[in-house]
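Comments concern the structure below.
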Protein chains: 2
Amino acid sequence: MANYTASSLKAELNSRGWRMTPQREKILHVFQNLPKGNHLSAEELHAVVEKRGESISLSTIYRSVKLMARMGILRELELAEGHKHYELNQPYPHHHHHVVCIQCNNTIEFRDDTILKHSLKQCKKEGFQLIDCQLTVMTICPEALRMGWPSALPTDWCCTRVISQKETEQDSQE
Amino acid sequence: MANYTASSLKAELNSRGWRMTPQREKILHVFQNLPKGNHLSAEELHAVVEKRGESISLSTIYRSVKLMARMGILRELELAEGHKHYELNQPYPHHHHHVVCIQCNNTIEFRDDTILKHSLKQCKKEGFQLIDCQLTVMTICPEALRMGWPSALPTDWCCTRVISQKETEQDSQE
DNA sequence: CTCTTTGCAAATCTTTTGCACAAAA
DNA sequence: TTTTGTGCAAAAGATTTGCAAAGAG
């Protein structure tokens with residue numbers, strides 16, 4: 001869970017028999033410059049790179065994020081959205097967890113450092129080496145509750161908070 | 001997070017405008033009779049039903065587990081295996097969390113009731129209604145570490161603990 | 001030079017969906 | 001009766017893979 005630079009990434013890769021490439025450096029850079037709280041799917045990461053006028057094939061994107069997650073550089077998030085999202089696996093005090101509305105995927109982050117402590121305790125007990133820990137709290141958001149969840153809501157109903165978030169993301173990516 | 005019977009499931013479904021069916025009852029029954037610590041993917045659930053000489057279409061399986069997860073009856077787990085797994089969403093004191101090895105998917109359960117408390121606190125603060133909370137600890141298991149993870153291990157290497165688990169599952173399902 | 005990585009296109013795998021029929025309420 | 005649920009087959013997505021060429025150490 002360190003803060004990587006291009007050269008420390010190279011060192012880490014080489015120490016494991018892997019190689020530094022412009023693609024991997026670029027991907028690290030994108031995540032490091034992502035507005036706080038954002039996370040990207042493979043497709044979205046691909047789009048961000050394209051928008052900069054650069055290009056990395058989608059296969060390489062998939063291969064890279066998986067590798068970087070295995071290395072502990074990225075966190076692989078499953079936030080009930082049907083595809084994986086990635087974000088930097090940041091050290092304390094930026095490490096955080098998620099509350100997700102299962103109706104509309106509205107997601108909020110929260111910090112709670114005791115979670116990591118509990119996870120470490122469990123790992124130590126069993127001899128496992130911790131890479132990352134994620135507490136995901138599945139919930140119904142206040143707006144969905146107000147609208148009469150569950151029976152009164154169509155499956156694809158989405159709260160206004162999420163809709164406005166989506167609009168904001170158009171501009172804020174990088 | 002209650003312990004359902006066929007008739008309480010029916011009541012719960014009806015109260016939301018949904019209907020009780022033999023398929024839904026059967027699925028609940030399979031999960032209730034699953035050995036402790038097991039969880040099933042949609043495919044696996046389908047196989048278990050078939051093995052009993054009964055039959056539910058795969059579409060219905062997918063539709064049912066999703067519905068039951070939305071109702072809070074099942075938990076939808078993402079244990080780094082590429083597809084979702086389901087298990088009963090059990091109340092205290094059976095509620096638990098998972099430590100997963102990202103190399104071989106070796107999974108162990110652990111209980112830690114403070115996690116739920118922290119999640120509830122966070123929900124209350126934001127006005128969200130808690131359905132479930134899951135702490136997933138991504139790790140490298142002791143055996144993979146011993147074998148020289150990461151560089152010395154092929155991507156698909158799997159520890160013996162998991163291989164023997166898989167063999168045991170053949171018999172123990174139901 | 002050798003071995004890893006990339007890009008492309010095709011393949012795979014999981015999950016979803018349209019529709020006609022069956023079945024709860 | 002009306003409306004929801006099921007089964008089937010086809011579609012849709014997301015992710016992976018084989019292979020030849022490019023590139024890192």
Side-chain angles (χ1 to χ4, degrees), chain A residues 6-7 9-28 39-47 49-50 54-71 74 76-86 150-156, chain B residues 6-7 9-28 39-47 49-50 54-71 74 76-86 150-156:
Chain A
S7 72
L9 173 61
K10 179 175 184 331
E12 180 88 8
L13 283 165
N14 292 351
S15 78
R16 306 190 186 195
W18 297 321
R19 292 175 183 181
M20 181 59 147
T21 64
Q23 288 87 343
R24 288 171 183 176
E25 183 173 348
K26 220 168 280 179
I27 289 170
L28 177 66
H39 33 76
L40 302 176
S41 66
E43 285 282 2
E44 289 163 347
L45 172 55
H46 188 245
V49 172
E50 300 273 275
E54 306 183 281
S55 173
I56 302 178
S57 79
L58 198 50
S59 328
T60 298
I61 299 266
Y62 273 106
R63 281 185 281 228
S64 303
V65 291
K66 175 151 287 187
L67 179 69
M68 291 166 83
R70 280 177 60 103
M71 292 173 70
L74 297 179
E76 195 173 65
L77 308 175
E78 280 292 349
L79 302 174
E81 287 144 15
H83 43 55
K84 289 167 183 142
H85 278 68
Y86 296 86
S151 29
L153 286 181
T155 322
D156 57 352
Chain B
S7 74
L9 173 62
K10 179 175 185 332
E12 180 88 9
L13 283 164
N14 292 349
S15 77
R16 306 190 185 194
W18 296 320
R19 294 173 183 180
M20 181 58 148
T21 66
Q23 288 87 342
R24 289 171 182 175
E25 182 174 348
K26 220 168 281 180
I27 290 170
L28 177 66
H39 32 75
L40 301 176
S41 67
E43 285 282 4
E44 290 164 346
L45 172 55
H46 188 244
V49 172
E50 298 275 275
E54 306 184 280
S55 173
I56 303 178
S57 79
L58 197 50
S59 328
T60 298
I61 298 267
Y62 273 106
R63 282 186 280 230
S64 303
V65 291
K66 175 150 287 186
L67 179 70
M68 290 166 84
R70 281 176 59 104
M71 293 173 71
L74 296 180
E76 196 173 63
L77 307 175
E78 279 292 349
L79 302 172
E81 287 145 13
H83 41 55
K84 290 169 183 140
H85 278 68
Y86 296 85
S151 29
L153 287 181
T155 322
D156 57 351

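Nothing here was measured: the structure is a model prediction, and the numbers come from that model. Chain naming here is simple, since letters A, B, ... match the order of the sequence lines and numbering starts at 1 in each.
Between A:Lys66 and D:dT16, a side-chain N or O to OP1/OP2 separation shorter than 4.0 Å is present. Side-chain nitrogen and oxygen atoms of B:Ser59 include none within less than 4.0 Å of the OP1 or OP2 phosphate oxygen of D:dC8. A sub-4.0 Å separation between OP1 or OP2 of D:dG7 and a side-chain N or O of B:Gln23 is present. Within the 4.0 Å cut-off from OP1 or OP2 of D:dG23, not a single side-chain nitrogen or oxygen of A:Thr21 is found.
The nearest whole Å value for the distance from the CG atom in A:Leu45 to the P atom in D:dA14 is 15 Å. Atoms CD (A:Glu44) and C1' (D:dA14) sit 13 Å apart, rounded to a whole Å. Rounded to whole Å, atom P of D:dG13 lies 11 Å from atom CD of A:Glu43. Rounded to a whole Å, the CG atom of B:Leu67 is 15 Å from the C1' atom of C:dT16. One can place CD1 of A:Ile61 at 12 Å from C1' of C:dG7, the figure rounded to the nearest angstrom. Across the protein-nucleic acid pair, B:Arg16 atom CZ and C:dA25 atom C1' stand 18 Å apart, rounded to whole Å. Atom NE2 in B:His83 sits roughly 12 Å away from atom P in D:dT16 (whole-Å rounding). To the nearest angstrom, P of C:dT15 lies 14 Å from NE2 of B:His46.
The side-chain heavy atoms of A:Ser55 and A:Glu50, taken from C-beta on, include a pair separated by under 4.5 Å. In this structure the side chain of B:Leu13 never reaches within 4.5 angstrom of the side chain of B:Thr21, judged on heavy atoms.
Residue A:Ser57 has its side chain nearest to C:dC8 when only D:dG25, C:dC8, C:dA25 are considered. Checking C:dA23, D:dT6, D:dG23 against every side-chain atom of B:Arg24, the shortest atom distance belongs to D:dT6. Listed nucleotides: C:dG7, C:dT15, C:dA25. Nearest to the side chain of B:Asn14: C:dA25. Closest approach to the B:Lys84 side chain among C:dT15, D:dT15, C:dA23 is made by C:dT15 (side chain taken as heavy atoms from C-beta onward). Side chain of A:Arg63, nearest nucleotide from D:dG23, C:dG18, C:dT6: C:dT6.
A distance of 9.5 Å separates CG in A:Leu67 from CG in A:Leu74, rounded to the nearest 0.5 Å.
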Intermediate values then yes/no, side chain to side chain contact (heavy atoms under 4.5 Å, CB included), B:His39 and B:Leu79: CA-CA 10 Å; B:His39 32 75; B:Leu79 302 172; 3.6 Å; yes
Steps toward side chain to side chain contact (heavy atoms under 4.5 Å, CB included) verdict (B:Arg24, B:Thr60): CA-CA 9 Å; B:Arg24 289 171 182 175; B:Thr60 298; over 6 Å; no
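Positionally, the nearest nucleotide of DNA chain C for A:Ile56 lies more toward the 5' end than for the other of A:Ile56 and B:Tyr62.
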